[in-house]
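All heavy atoms count here, side chains included; hydrogens, waters and symmetry mates do not.
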Amino acid sequence: MSGATVLYLNQSDGPPVADLAREAWLIERAADGEISLFLTSWSGPVVVLGFGQAATDVDLEWCRSRGMPVLRRLTGGTGVVHKGDLGVGLALPQTHLWAQGIISLYDRFLNVLEPALRSVGADVSRVAEPRRASRVRSPICFLDQLADTLVVDGRKAVGCAQTRRRGAVLIHAAVLLGLDAELYSRVFGTPVEEVASGLAPALPNGNWRVAGDAIADQLGKTLGLEVRQQPLEPVPERFLEPYGTEKWAPVSV
């Protein structure tokens, strides 16, 4: 069990490459016993692929022609178009109680996110009967409704993913604060009607900092940790270097 007493709160509105690279740094620090919460929001649009997702799931040439970055994150799952939405990342030591199971970590994480988002007006709820992952998953994160999901009126509004490496765990949530169904459709080649019927904002036009503060407060109480604001230091170059490659930045602008 981790002996940490502080939840270090980091907040950033970009640039996206630095924020994604920072998560690798937070994983390294978590392996040394630090617990960090990272809240992000980018005006975007920015396409972020899951760690193992094929870049060909995205119309790369169209994104390049629009000056829209396509980047890769450390956690699994499939793609998200970030456009003023809220990203939530929690880095934990592998020894922490929450880190002991994959499914149980999703459950504990969502048990924090749901009441926190509801406290600021989001009408979110857990999925009553999570569907099993299909053999052919949608390239869009939000169109799979698994146990790592919060919904609004049956449509996915919050999706999660995680990774385990170097003695630490990072769990992510993407919280929709708006929806550009046509943009999702164009980026991923999915019918716009399917996007519109499968996704919904958790907090339409919501303030990401207000929602993030509610999550930080609820998480600190649940974990029994003091929430302490952490000034953003420059990300060491070694964490930025991968984003100079096509694998990690299929479209870099």
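- Across every non-hydrogen atom of F188 and V47, the tightest pair is CZ-CG1, 4.1 Å.
- Residue pairs that meet the salt bridge (Lys or Arg N to Asp or Glu O under 4.0 Å) test with at least one member in residues 5-15, sequence neighbours left out, do not exist here.
- Residues D148 and I103 fail the side-chain proximity criterion, which asks for heavy atoms closer than 4.5 Å.
- Atom CD1 of I27 sits about 5.5 Å away from atom OG1 of T163, to the nearest 0.5 Å.
- With sequence neighbours left out, the salt bridge (charged side-chain N to carboxylate O under 4.0 Å, His left out) criterion links R66 to no other residue.
- A search for side chain to side chain contact (heavy atoms under 4.5 Å, CB included) contacts involving L225 returns L7, I35, L223, not counting sequence neighbours.
- Rounding to the nearest 0.5 Å places CD of Q100 at 10.0 Å from CG of L92.
- Counting only distance, with no hydrogens or angles, the side chain of S252 and the backbone of A249 share no donor-acceptor pair below 3.5 Å.
- The structure places CZ of R72 at 9.0 Å from OG1 of T245, a figure rounded to the nearest 0.5 Å.
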Could you please spell out the steps behind the side-chain contact (heavy atoms from CB on, under 4.5 Å) verdict for H172 and E23? CA-CA 10 Å; H172 259 153; E23 291 181 332; 2.6 Å; yes

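- Going from atom CG of D213 over to atom CD of Q218 covers 13.0 Å, rounded to the nearest 0.5 Å.
- Rounded to the nearest 0.5 Å, atoms OG (S36) and OH (Y8) are 8.0 Å apart.
- In this structure, the side chains of I102 and Q162 come closer than 4.5 Å at one or more pairs of heavy atoms.
- When side chains are defined from C-beta on, L9 does not count as touching F38, because their heavy atoms never get closer than 4.5 Å.
- Annotation: ring-ring contact (aromatic ring centres under 6.0 Å, His included) contacts involving residues 192-213, sequence neighbours excluded, are absent.
- By the ring-ring contact (aromatic ring centres under 6.0 Å, His included) test, Y243 is found to be paired with W248, residues two or more places apart in sequence or in another chain being considered.
- Counting only residues at least two apart or on different chains, no salt bridge (Lys or Arg N to Asp or Glu O under 4.0 Å) pair has a member in residues 93-106.
- The shortest heavy-atom contact between P45 and P69 is O-CD, 3.7 Å.
- Remark: R165 pairs with no residue by the salt bridge (charged side-chain N to carboxylate O under 4.0 Å, His left out) rule, at least two apart or across chains.
- Considering only residues two or more places apart in sequence or on other chains, R238 meets the salt bridge (charged side-chain N to carboxylate O under 4.0 Å, His left out) condition with E28.
- Screening residues 221-234 for side-chain hydrogen bond (donor to acceptor under 3.5 Å, both in side chains), with sequence neighbours left out, gives Q11-Q229, D217-K221, E226-R228.
- Between S197 and E194 the shortest heavy-atom distance is OG-O, 3.1 Å.
- Every pair passing ring-ring contact (aromatic ring centres under 6.0 Å, His included) that includes a residue from residues 58-85 is listed here, sequence neighbours excluded: W42-H82.
- Minimum heavy-atom separation, L240 to A18: CD2-CA, 3.9 Å.
- In the hydrophobic clustering of this structure, V169 groups with L37; members are Ile, Leu, Val, Met, Phe, Trp, Tyr whose side-chain heavy atoms approach within less than 4.5 Å, directly or through other members.
- Residues D85 and S41 fail the side-chain proximity criterion, which asks for heavy atoms closer than 4.5 Å.
- We find the CZ-CG distance between R108 and L105 to be 8.5 Å, quoted to the nearest 0.5 Å.
- The hydrophobic cluster containing L90 does not contain V48, counting ILVMFWY residues as joined when their side-chain heavy atoms lie under 4.5 angstrom apart, directly or transitively.
- Residues L179 and Y184 form a side-chain contact, since some pair of their non-hydrogen atoms from C-beta on lies under 4.5 Å apart.
- Linking Ile, Leu, Val, Met, Phe, Trp and Tyr whenever their side-chain heavy atoms come within less than 4.5 Å puts L203 and L39 in one cluster.
- Every pair tested for salt bridge (Lys or Arg N to Asp or Glu O under 4.0 Å) that includes a residue from residues 35-56 fails, sequence neighbours excluded, so the list is empty.
- For the pair L199 and R155, the tightest heavy-atom approach, listed with the atom from each and the gap, is O-NH1, 3.3 Å.
- Between the R64 side chain and the P250 main chain, a donor and an acceptor come within less than 3.5 Å of each other.
- With contacts defined as side-chain heavy-atom distances shorter than 4.5 Å, the pair N10/L232 qualifies.
- Across every non-hydrogen atom of S185 and T190, the tightest pair is OG-O, 2.5 Å.
- Side-chain heavy atoms closer than 4.5 Å link hydrophobic residues (I, L, V, M, F, W, Y) into clusters, and following such links, possibly through other members, connects V210 to L150.
- Proximity of F51 to T75: side-chain heavy atoms (C-beta onward) are nowhere separated by under 4.5 Å.
- No single ILVMFWY cluster, assembled from side-chain heavy atoms under 4.5 Å apart, contains both W98 and L26.
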For residues 116-126, which side-chain N or O atoms pair as donor and acceptor with protein atoms under 3.5 Å away, sequence neighbours left out?
{"from": "R118", "atom 1": "NH1", "to": "V124", "atom 2": "O", "distance (Å)": "2.6"}
{"from": "S119", "atom 1": "OG", "to": "A116", "atom 2": "O", "distance (Å)": "2.6"}
{"from": "R126", "atom 1": "NH1", "to": "D107", "atom 2": "OD1", "distance (Å)": "3.4"}
{"from": "R126", "atom 1": "NH1", "to": "N111", "atom 2": "OD1", "distance (Å)": "2.8"}
{"from": "R126", "atom 1": "NH2", "to": "D107", "atom 2": "OD1", "distance (Å)": "2.9"}

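- Surrounding CD of E182 are at most 12 heavy atoms belonging to other residues, nucleotides or ligands under 6.0 Å away.
- No side-chain heavy atom of L177 sits less than 4.5 Å from a side-chain heavy atom of P201.
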